[in-house]
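What you see is a predicted model, and the numbers here were worked out from it, not measured in a lab. Sequence lines set the chain letters: A, B, ... in the order given, protein chains first and strands last, and positions in each chain run from 1.
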Protein chains: 2
Amino acid sequence: MSNLYFNLTSSFLKALAHPTRLKIIERLEQEDELCVCHIYEDLDLEQSNVSQHLKVLRNQGILVSRKDGLKVMYSVRHKEVFKIIDLVKAALYNQLKEDQKHFRP
Amino acid sequence: MSNLYFNLTSSFLKALAHPTRLKIIERLEQEDELCVCHIYEDLDLEQSNVSQHLKVLRNQGILVSRKDGLKVMYSVRHKEVFKIIDLVKAALYNQLKEDQKHFRP
DNA sequence: TAACTATATTAGAATATTCTAATATAATTA
DNA sequence: TAATTATATTAGAATATTCTAATATAGTTA
């Protein structure tokens, strides 16, 4: 595999690798499409901070946005993203399950 | 989902999100188990740099190591990791394919 | 046990990420 | 058109990541 591939892949993963950005993506799995105002109210975060995180995700092609009057509506571009996060969750679950074994009383 | 879950997930993703660490994991998919010396020679990197990256991956539970004389052998702990990276690759591929459409001459 | 080999750790500089606070932009409505 | 609303951008401080170079540790062999 080429250097380009490793760089693109790590950039993609880096964009996902932040608690706030994962929360945004989770909300967008539940709601399909949300305006910025709903996202930062739901997550109880600063508007500018959420805007910055949304920019990271959109720049990486993970989210798309469209204007709707004053609002900007965001949504996940490709559903694969949800699958990736689910797999990470599964991997973490298996790791913790195995770690637990070594602590049996 | 809890804050703990988002933090664990983002830590896991962050550990994967580096070109060198992705290269290490790719080599370990081809070879199953490798000593540090083979890894840094293959990737043409500093020994201490590779040791640091291996530490990140092991701390996150992505790699495991065992001693074999002077050498330390590393391997991927759970194959799910390969699947995660493959899915990222697929997502990137689909994104690029779609981007391409908008540049048709 | 001294020298050697493989790996790990540390310090510190360079760079990148993240947040807050302030400000800018763009669309809407009075 | 002025005020309002929703979002984006910027500056800059705080923190985190990454690399190199030097050194430490641990196991092996002469």
Selected nucleotide, minimal atom distance to Lys67(A) side chain, candidates dA6(C), dT18(D), dA27(C): dA27(C)
Nearest to side-chain heavy atoms of Val72(A), which nucleotide of dA8(C), dC19(D), dA8(D): dA8(D)
Asn49(A) side chain near dT18(C) phosphate (N/O to OP1/OP2, under 4.0 Å): no
Length of the NZ-P vector between Lys71(A) and dT29(C), whole Å: 12 Å
Leu54(B) CG to dT9(C) C1', straight-line distance once rounded to whole Å: 14 Å
Side-chain N,O (Lys14(A)) to OP1/OP2 (dT17(C)) below 4.0 Å: yes
Protein-nucleotide distance (Leu70(B), atom CG; dT5(C), atom C1'), rounded to Å: 5 Å
Comparing Tyr74(A) and Gln47(B) on DNA chain D - which has the more 5′ nearest nucleotide: Tyr74(A)
Nearest-nucleotide comparison on DNA chain C, the residue closer to the 5′ end among Gly69(A) and His38(B): His38(B)
Atom-pair distance (NZ on Lys23(B); C1' on dT18(D)), nearest Å: 14 Å
Selection from dA6(C), dT7(D), dA22(C) that lies nearest to any side-chain heavy atom of Ser48(A): dA22(C)
Side chain of Thr20(B) (C-beta onward), nearest among dA22(D), dC19(D), dA6(D): dC19(D)
Length of the line joining Leu45(A):CG and dA8(D):P, which is rounded to integer Å: 15 Å
Heavy atoms from other residues, nucleotides or ligands near NE2 of His78(B) exceed 12 (cutoff 6.0 Å): yes
Sugar-phosphate, base or nothing in reach of Glu46(B), heavy atoms under 4.0 Å: sugar-phosphate
side-chain contact (heavy atoms from CB on, under 4.5 Å) partner of Arg21(B), the single match among Lys14(B), His53(B), Glu26(B): His53(B)
Separation between CG of Leu54(B) and OG of Ser65(B), rounded to the nearest 0.5 Å: 8.5 Å
Below 4.0 Å: OP1/OP2 of dC19(D) and any side-chain N or O of His53(B): yes
Spacing of Asn59(B) atom CG relative to dA8(C) atom C1', expressed in whole Å: 12 Å
Phosphate OP1/OP2 of dT9(C): any Lys55(B) side-chain N/O under 4.0 Å: yes
Pairwise distance NZ(Lys89(A)) to CD(Glu80(B)) - rounded to 0.5 angstrom: 13.5 Å
Proximal nucleotide (of dT7(C), dT7(D), dA11(D)) relative to the Gln52(A) side chain: dA11(D)
dA8(C) OP1/OP2 closer than 4.0 Å to side-chain N/O of Tyr40(B): no
Protein-nucleotide distance (Phe6(B), atom CZ; dT18(C), atom C1'), rounded to Å: 19 Å
Any His18(B) side-chain N or O less than 4.0 Å from OP1/OP2 of dA16(D): no
Whole-Å distance separating the CG atom of Asp68(A) from the P atom of dA27(C): 13 Å
Single hit among Arg58(A), Arg66(A), Arg27(A) for side-chain contact (heavy atoms from CB on, under 4.5 Å) with Tyr74(A): Arg58(A)
Residue Cys35(B), side-chain atoms from C-beta onward, closest of dT7(C), dC19(D), dA26(D): dT7(C)
Spacing of Tyr5(A) atom OH and Ile85(B) atom CD1 [to the nearest 0.5 Å]: 6.0 Å
